[in-house]
Amino acid sequence: MEFYELMEVCMIVLFGCSWPMNVIKSYRSRTTKGKSLVFLILIFIGYICGITGKLMAPSFKWYVLFFYVLNFLMVGADLVLYVRNRLLDKLAEVVQK
C-alpha cells in the first residue's frame, strides 16, 4: 500500500467513525431540528463521486472502495431517518394544533 492510499483510508475511516453516532442520534432524537438536508445530500453526492472515481481508477483498490461504500450507506441511512423525522415533526405540529 502506498502512503497516499494509507492516508486516504485513514481519512475515510475517520469520517466513517462519525456517521454511526450521527445515525444513532437521528434515530433517537426523532426530529430534524439541528439537521441540514442540503448538507446530507451534498455529502451523499460526494460519496457517489468518490465511489465512481474509485471504480474508474486505473489502480482499483477494493479495500478503499469498501469504506467509501460503508460511509455512503450510513449517510443514506441518515437521509432515510431525516425523512422519517420530518414526518414525525409534521405530525407533532398537527397534534399541537
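In this text the structure is predicted, and so the values were computed from the model without any measurement.
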Exercise for the section: Kindly compute the distance separating CG (L88) from CZ (R84), expressed to the nearest 0.5 Å. Expected result: 5.5 Å
Problem - W19 side chain reached by I24 side chain, heavy atoms, under 4.5 Å - result: no
Which atom pairs, one a donor and one an acceptor, fall under 3.5 Å between side chains of residues 48-61 and the rest of the protein, sequence neighbours left out?
{"unit_1": "T52", "atom_1": "OG1", "unit_2": "I48", "atom_2": "O", "d": "2.8"}
{"unit_1": "K54", "atom_1": "NZ", "unit_2": "E8", "atom_2": "OE1", "d": "2.8"}
{"unit_1": "K54", "atom_1": "NZ", "unit_2": "E8", "atom_2": "OE2", "d": "3.0"}

Exercise for the section: Find out if a path of hydrophobic residues (ILVMFWY) with successive side-chain heavy-atom gaps under 4.5 Å connects L14 to I43. Expected result: no
Problem - Q96 (side chain) donor-acceptor with E93 (main chain) under 3.5 angstrom - result: no
Exercise for the section: Run the numbers on N85 and T32 for side-chain hydrogen bond (donor to acceptor under 3.5 Å, both in side chains), then give the verdict. Expected result: CA-CA 6 Å; N85 290 347; T32 58; over 6 Å; no
Problem - Within one Ile-Leu-Val-Met-Phe-Trp-Tyr cluster: M74 and V69, side-chain cutoff 4.5 Å - result: yes
Practice task
Please tell me if the side chains of K35 and N22 come closer than 4.5 Å, counting only heavy atoms from C-beta onward.
Solution key: yes
Problem - Min side-chain heavy-atom separation K90-V94 under 4.5 Å - result: no
Practice task
Identify the heavy atoms of N71 and G16 that sit nearest to each other, and give their distance.
Solution key: OD1-CA, 3.0 Å
Practice task
Is it possible for you to say whether M21 and V23 belong to one hydrophobic cluster, with membership spreading through side-chain heavy-atom contacts below 4.5 Å?
Solution key: no
Exercise for the section: Go through the structure and list residues passing ring-ring contact (aromatic ring centres under 6.0 Å, His included) with F44, not counting sequence neighbours. Expected result: F72
Exercise for the section: Identify whether V64 and F3 are in the same connected component of the hydrophobic contact network (ILVMFWY, side-chain heavy atoms under 4.5 Å). Expected result: yes
Handout entry: Heavy-atom side-chain contact between F15 and V75 under 4.5 Å
Key = no
Exercise for the section: Indicate yes or no: at least one non-hydrogen side-chain atom of L79 is less than 4.5 angstrom from one of I41. Expected result: yes
Problem - Reported CG-to-CZ distance for the pair L87 and R30, which is rounded to 0.5 angstrom - result: 11.5 Å
Completion exercise
Residues P20 and C17: closest non-hydrogen pair is CD-O, 3.5 Å
Exercise for the section: Establish whether Y63 and V13 are linked, either directly or via other cluster members, by ILVMFWY side-chain heavy-atom contacts under 4.5 Å. Expected result: yes
Handout entry: Spacing of CD1 belonging to I45 relative to CG belonging to L40, to within rounding of 0.5 Å
Key = 11.0 Å
